[in-house]
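It should be emphasised that the depicted structure is a prediction, and the values quoted were computed from it without experimental measurement.
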Amino acid sequence: MGNKTSEDHQANSRLGAVGESLVQTFLLEHCDWCYRTQEKHPADLIVELGSAKYTIQVKSRRVTKKGKYVFATETSRSLSDVYKHYHCDIFAFVFFDNSGKHILFKPNNTTQNYFTFTNKQITDTFEIDTLQETLEELSSVPKINKL
């Protein structure tokens, strides 16, 4: 893989901005509040549902030649002390392809740094289903296990 051109960087910035806008628009339809953070903040969005607040990191990708979407959640920015110690609650993976745009929500509760998905996982209720699953996983309260 060669060096990226300024056009590549510009296209990636635009793709990221569109992805963040899509996620924010979707969340505004389904949550009480959703707003952008300031520029260079480790999280892209903050969402509120009742008294619960979650930070969201949006990752946007186009489909590869092999029909996959590959997302890296670690960036060079994570080397800074500010980013290294910051934890986003939710990843919003935005898939761009010829058939449209799709969002997959996933809780950030793993040490996994790379995620790979295919179109086979996309259903008609993909976005709302993965958001609901993510919120349930994040808000689950552990049960006490008696001896």
Nearest 0.5 Å, what's the [atom1]-[atom2] distance between [X] and [Y]?
X	Y	atom1	atom2	result
Phe71	Lys59	CZ	NZ	10.0 Å
Lys106	Phe117	NZ	CZ	5.5 Å
Asn119	Asp97	CG	CG	5.0 Å
Leu104	Glu133	CG	CD	8.5 Å

*asked:* Which residue in the set Phe95, Tyr69, Phe93 passes ring pair (Phe, Tyr, Trp, His ring centres under 6.0 Å) when paired with Phe115?
replied: Phe93
State, to 0.1 Å, how close [X] and [Y] come at their nearest heavy-atom pair, and which atoms those are.
X	Y	answer
Tyr114	Gln112	O-NE2, 2.6 Å
Thr55	Ala43	CB-CB, 3.8 Å
Gly19	Ser60	CA-OG, 3.3 Å

For the side chain of [X] and the backbone of [Y], is there at least one donor-acceptor N/O pair under 3.5 Å apart?
X	Y	result
Glu137	Thr134	no
Thr125	Asp129	no
Thr116	Val70	no

*Residue pair Gln57 / Asn108, side-chain donor-acceptor N/O under 3.5 Å*: no
*asked:* Between Asn12 and Arg62, does the side-chain contact (heavy atoms from CB on, under 4.5 Å) criterion hold? Intermediate values first, please.
replied: CA-CA 10 Å; Asn12 286 338; Arg62 291 185 190 90; 4.2 Å; yes
*Among residues two or more places apart or on two chains, list those pairs meeting side-chain hydrogen bond (donor to acceptor under 3.5 Å, both in side chains) that have a residue in residues 18-35.*
Glu20-Arg36, Ser21-Arg36, Gln24-Arg36, Tyr35-Glu48
*For Val18, what are the other residues in its hydrophobic cluster, where any two members join if their side-chain heavy atoms are less than 4.5 angstrom apart?*
Leu15, Leu22, Val23, Phe26, Leu27, Leu45, Val47, Leu49, Tyr54, Ile56, Val58, Ile90, Val94, Phe96, Ile103, Phe105, Ile128, Leu131, Leu135, Leu138
